[in-house]
Structure formats: C-alpha cells, structure tokens
Amino acid sequence: MNAILIKQLSYKYPKNNYYSLLDINLNIQAKCCTGIIGPNGSGKSTLISALCGLLTDFEGSISYQGMTGDLLGCVKKKVALVPQEYAFYPQLTVLQNVEYFLSLCIVDKSRWKLLINDILTQCELVSVKNQKAKKLSGGYKRRLNIAIALVKEPEVLFLDEPTVGIDPESREVIIRLLEQFKKQGKTLLFTSHMLDEVEKICDDIIVLRDGKAVMHEQGGQNNILLTVHFSTPPLNDEFVRLYEQVTENKYQMRLNSQIELSAQLQFLASIETPIVKMHYSSNSVDQLYHLTQVAE
Amino acid sequence: MIFHSLKKEALIILSDIHSIGVLLILPVAFMLIMTFAMSAEQTNVVSEIHIKVSSDKHSYYVKAYQDYLKQQGFKITEKSDLADIHLKLPAHFEDNILTGVAAQSIELILTKNITPQKRNIVIQLVQVAFSKLRLHAYMLDSGDLSEELSLTEQVEEIEGSTDVSSYFLVQIPDKKLNSATLYSVPSWIVFGIYFIVLPISITVINEKQNGTLIRLKTFPITTSQYFFSKVSAFFLLSSVQFVVLTVIGVFAVPVITEQPTIVINNWPSYLGSALFIVLSANALAFLIAALVNSYEQAIVLGGGINILLAAVSGFMVPIDIMPPVMANIARYSPLYWSAEVIRAAFMNSSYDIVLPYIIRLLSFSAISFIIARYLFVMKIRKLVWN
C-alpha cells in the first residue's frame with residue numbers, strides 16, 4: 001500500500017529560472033522507511049517542503065493514501081515533522097515542551113497523561129522530563145525533537161538529519177527509536193548524509209540530484225554483489241553471458257535476493273574452471289550514491 | 001491552548017533577565033530618575049554661576065551692580081578663568097544709568113558653561129539686577145534714598161522696596177494633583193508597557209529560526225488561531241506587567257522620591273483604561289514583530305520606535321516646554337494618548353477628557369492588529385523547509 005503517491009512533481013522557485021524539482025514520480029510505501037539522499041542543492045529540502053504542503057504552486061500531484069485536495073489539511077492530520085534544528089523552546093522543561101505542543105493538537109484531555117508518559121518512555125526522556133531543554137545534551141535534544149512530533153500521533157514522520165551532531169551512543173538510541181516506529185506501522189521519510197545509517201534503516205532509498213529523483217531503490221533490489229576470481233578465464237558460455245568481466249580473471253554479478261545467490265553458488269560449483277576466490281557483499285547505499293554520480 | 005500558550009510565554013520571559021530588565025527594571029528606573037529630576041526641590045540654577053564684572057574703574061555704581069547680582073544668586077569673581085559669565089561695563093557706565101538710552105552697550109559674554117536651558121534665566125536675572133541699579137540711582141538722585149546710608153544698607157532698602165511677593169496671592173493646585181510623580185509615573189508605565197515589543201519580536205524570530213514555526217504550520221491549528229493565542233497570552237502578560245508597574249509607581253516611587261502620594265480615586269476606570277493601553281501596546285508590538293526578521297532589526301526597530309515615540313510624546317522633555325511643532329507631533333503618538341489616559345485616571349478627570357484618547361487607542365489597535373495579522377499570515381505562508 002502506498003502512503004504517498006507523487007506524480008510528475010515539478011517546482012521552480014519564483015526567483016529561479018531552473019526547476020528545483022523536475023518530473024518526479026515516486027510511490028512511497030506505507031509502513032516503510034524511505035531515505036532521501038543527495039548532495040547539497042539536489043532538491044531534498046524542496047521535496048520535503050512540497051510533501052509537507054509548504055509549497056503551494058507546484059506542478060503535478062501529491063496524494064496521501066489516495067486523498068487528494070487540501071494537501072496541507074492532510075499533512076496537518078497525518079504528518080509530523082522533525083526539523084534538523086531543535087524546534088522547541090529551550091527555556092521550558094522537556095515536559096512543558098511536550099505539553100505545550102500537545103495543547104495545539106486535538107487530543108482528548110483525559111488521554112494527555114497516558115500519551116505524554118508513553119511518548120517520554122518511548123523516547124527515553126523520562127529521567128530528564130523536568131530538566132530545561134537548553135540544559136540537555138545533544139542526544140536528548142534530538143530525542144525531544146522527535147518526541148514533540150509524536151504528540152500528533154502521526155501516521156507519517158518526516159525527519160531531517162535526525163542523528164546529525166550527536167555521539168554514537170545517542171545515535172544508536174535514535175536509530176532504535178526509528179526502527180520501533182517502523183514496527184508500529186508508521187511511515188518514515190528521512191534525509192541524511194550518513195549513508196550507512198540510511199542503508200541500515202531504510203527499505204527504500206531516493207537519490208536526488210539536480211531536482212531529479214535519479215534512482216528509487218526499492219525493497220533492496222540489486223543489493224547483492226557477487227564477485228568471483230579465477231586463475232584462468234572461464235570457458236563456460238552461460239557464465240560469460242551472465243557475468244560482467246571486471247578485470248582479466250575477475251567477474252561480478254548483481255543479485256536481487258538470497259535465493260538468487262544460492263542458485264548462483266550452485267551454478268558456480270558446476271563450472272569446471274577453478275575458482276581462486278569468491279565473495280559477495282551487500283550493494284551499499286554508498287555505492288548506489290556514487291553509481292548515480294557516475295551515471296550522470 | 002491559550003493557557004499553555006500563556007504559560008509558555010510567561011516562562012520564556014521569566015527565564016530571560018533581559019526581558020525582565022526591559023519590562024520592569026528599566027521603566028521603574030526611569031520613574032525614579034525622572035521624578036527626582038522633575039521634583040520641586042531643584043537647585044537654584046544660578047547658584048553655581050560665577051560672574052566677572054569688568055570696568056575701567058571701580059566706581060560706586062559698579063560695586064552696587066555687583067551687590068545686586070549677588071542678590072540674584074550669582075557668585076562674583078575677579079578671575080577670568082573661573083567666570084562663567086563676563087559682564088563688560090562700558091566707559092562712563094555710571095553716567096548713562098539714568099539716561100534711559102545706553103550710549104554704549106553692556107557686553108554680556110556667556111561661556112559654554114551656560115547651557116541653552118539656563119541662558120534665558122541668566123540673561124533675565126542680569127537685567128533685573130541692572131533694573132534695580134537704575135532704581136537705586138534714580139532714588140539717590142531724587143533724594144528718596146539717603147546718601148548717608150552705607151552701600152549695603154542702600155542695597156537692602158532697594159531690595160526691600162522691590163520685593164513684590166506680598167502683593168501676590170499665588171494659588172497652586174493641590175500637590176497631589178500637580179506633582180512630579182503625577183507627570184513621570186504614567187509616562188514611564190506606558191514606556192514599559194510598550195516595550196513588550198522586544199519579547200514578542202524575539203519570540204517570533206526564535207520560532208522562525210529554530211524551525212518551530214514550520215513545525216507549527218503542520219500542526220492542526222490555523223495561523224490565525226496561533227496568532228490569536230499568542231496575542232491573548234501577551235495581552236495577559238502585559239496586563240500583569242501593568243499592575244506591577246502601577247503598584248510600584250503609585251506606592252513605592254512617591255515614598256522613595258519623597259513626593260506626594262498618588263491617589264487613584266476610580267480603580268475600575270483606571271483598570272479599564274489599562275486594558276486599552278495594553279491592547280494598543282500589543283498591537284504595535286505584533287505589527288513590529290511581523291515586520292522584523294532578525295534580532296538586530298527587532299532591537300533597532302522595536303526598541304528604536306519605542307524610544308522615539310517616548311521622546312516625541314513628552315516623556316523625556318515635557319510637552320509644555322517643547323516648540324509648538326513638536327508638541328503637535330506628540331498628539332499623534334499612541335504613547336502620548338496612553339499616558340494621558342493614565343494621568344486622567346490619576347487626576348480623576350471626566351470621561352469627556354479621556355474618551356477621545358480611548359477612541360484613538362482603540363482605532364490604532366484595530367488597524368495595527370489587522371495589518372499585523374495579515375503580515376504574520378504572509379510570513380508563515382512563505383516558510384519552507386531549509
């Protein structure tokens with residue numbers, strides 16, 4: 001099921017004579033985590049602005065779970081934002097911040113206590129709930145930033161660099177939190193420059209470059225790279241047809257699944273040319289990102 | 001939502017020493033300073049002025065003139081470097097005293113120590129001393145002043161005969177209705193209330209810069225709802241500030257400055273007036289907050305406009321001594337209207353006097369709020385994820 005369907009989305013800022021987003025067609029899966037990567041100026045922020053209903057005059061269409069029409073209205077109901085900046089009030093305590101943002105939502109007052117406890121527990125903020133936000137460490141601030149988004153009980157969460165500028169331990173907590181959201185059935189969309197993080201959490205990856213969604217790697221397709229080294233070039237015709245020659249005796253093949261990998265291992269066992277070395281690796285986001293650059 | 005908004009804004013202001021300084025400490029300091037400065041117990045403006053009288057010869061009349069100058073409060077000196085005023089008497093000074101037309105002018109040279117504020121008083125007093133000298137010469141000439149008296153006795157007699165204070169019955173208003181506190185306290189209460197512009201502007205700028213406004217845009221409230229919850233919160237905070245400043249101004253300032261106490265005869269009317277003033281201050285503050293985009297702009301525009309309006313509204317220099325053009329400008333300032341409303345409540349003036357100011361304040365508030373809301377909505381509409 002798709003959470004967000006984007007069709008032929010293009011956008012040009014009024015002062016620019018070029019498109020910041022150009023003919024983007026994407027199908028963002030519900031209850032999945034989708035990473036948006038791309039260099040600075042590639043259109044990540046513009047894409048998120050459009051998805052959040054912050055841009056009004058774009059070309060094409062964006063619909064949330066089939067709902068068309070008032071995009072900002074849909075966003076207000078279903079989507080929560082976690083900006084990269086600490087978008088809360090540093091002079092207030094953690095609890096006061098959560099309470100204030102909750103007061104802006106249409107939530108029955110009788111549910112407040114339970115909801116606040118749940119959010120603080122989930123984000124591991126209970127121990128610091130009475131501390132002023134400005135006195136928290138970077139990791140706790142990031143978690144508070146996320147906790148505030150949860151008061152809306154959103155179906156979709158947009159996170160902008162949620163782990164930037166924090167220590168590895170806090171980063172792990174946030175990654176664990178995001179994985180938990182996924183299990184709860186929330187749809188996550190996040191931008192990051194940490195490619196390993198994107199690879200670890202995301203089911204789908206959107207690579208943006210010059211306003212175009214260059215690649216939408218879905219469900220880990222082509223994510224296994226099998227490399228085989230021979231002492232002499234293999235003579236098997238089937239092998240030569242299937243594999244790409246990298247160097248004189250080194251060959252590679254991209255596979256979509258473990259089943260395909262098993263089949264290939266059986267096939268390699270059947271060919272006569274002796275194999276010197278063989279290994280396979282996950283096709284990393286890093287490679288994907290750089291492949292995109294090469295492709296251009 | 002309004003309760004949490006009020007709680008949030010109150011906590012933000014209370015945790016910021018600069019906001020408290022601007023909203024409470026600064027106006028109270030001004031109340032005290034200006035009340036002291038304007039109190040009746042001012043020092044005699046000429047008591048420290050040294051005057052040197054130069055003449056080609058030290059005649060009887062030159063000595064008499066010096067005595068009359070002393071009687072006006074001046075100090076006589078022989079040293080040029082000590083003199084604030086140099087009075088050069090022409091040759092044959094005594095021959096021309098009674099002629100009515102001076103053959104040669106008396107040169108009155110004022111140094112830079114005589115400020116523009118003192119200049120007119122000093123000139124008048126030097127001329128009064130000369131008038132007494134002329135009377136002295138006339139009475140000697142006519143025989144009405146005995147030549148047998150010493151110069152000091154003659155001067156005393158002239159001083160006695162020109163003392164006209166017993167001819168007048170001066171009726172001054174009740175001090176409670178005409179004190180320095182009554183002038184300065186309303187002005188500086190208003191000044192403090194209008195300084196709400198800084199906390200409001202800075203809060204809005206913070207919310208914009210740290211992404212809170214973008215986040216709020218995706219919350220299930222409209223920009224107008226958010227704007228009015230903020231307005232309500234600051235309106236209540238300003239009202240509390242008004243009460244605190246009133247209590248300090250009415251009860252503490254007169255005691256500290258040893259001035260007559262201020263009596264508010266009609267508290268409901270006073271508090272009612274306070275609502276119009278708070279409304280107007282918040283309207284102006286939200287208008288400026290909607291215009292500015294940085295802390296620098298907030299301080300220059302917010303603080304600057306407030307100080308300028310206070311200056312033209314006669315808070316620093318009383319309107320009574322302003323040139324007519326300046327005094328007319330003051331009558332278009334919301335700070336002036338606000339101060340007049342408070343002053344009227346202190347003096348228990350009739351509604352006829354207050355009503356025009358209240359109508360102006362309400363009109364100003366309505367126009368400012370409409371423009372501020374429009375600008376605020378436009379500003380939020382333009383926000384995109386950066």
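We name chains A, B, ... by the order of the sequence lines, and we start the count at 1 in each one.
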Looking at A:K12, I'd like to know if its NZ atom is crowded, meaning that more than 12 non-hydrogen atoms belonging to other residues, nucleotides or ligands lie closer than 6.0 Å. yes
Step through the shown structure and confirm whether more than 12 heavy atoms of other residues, nucleotides or ligands are within 6.0 Å of NZ on A:K134. yes
Which atoms of A:A50 come close to chain B, meaning under 4.5 Å heavy atom to heavy atom: side chain ones, backbone ones, both, or neither? neither
Measure A:Q96 against the heavy atoms of chain B and call it side chain, backbone, both or neither at under 4.5 Å. side chain
Output for pair (A:L51 CG, B:T218 OG1), nearest 0.5 Å, gives 12.5 Å
If you measure from CD on A:Q91 to OG1 on B:T203, what distance do you get to the nearest 0.5 Å? 8.0 Å
Between A:K76 (side chain) and B:K217 (backbone), is there a donor-acceptor pair under 3.5 Å? yes
Picking from A:I148, A:V79, A:L55, which has the most non-hydrogen pairs under 4.5 angstrom with chain B? A:I148
Heavy-atom distance under 4.5 Å between the side chains of A:F101 and B:H4, does that happen here? no
Considering only heavy atoms from C-beta outward, does the side chain of B:I214 approach that of A:L54 to under 4.5 Å? yes
Work out which heavy atom in [X] is nearest to a heavy atom in [Y]; give both atom names and the distance.
X      : Y      : answer
A:K132 : B:S15  : NZ-CB, 4.0 Å
B:Y226 : A:Y100 : CE1-OH, 3.4 Å
B:G211 : A:P83  : O-CG, 4.1 Å
A:L92  : B:K8   : CD1-CG, 3.6 Å
B:T212 : A:F88  : OG1-N, 3.7 Å

Under 4.5 Å from any heavy atom of chain A, what part of B:Q225 do you find: side chain, backbone, both or neither? neither
Name the member of B:N210, B:L11, B:L213, B:I380 that forms the most heavy-atom pairs with chain A at distances under 4.5 Å. B:N210
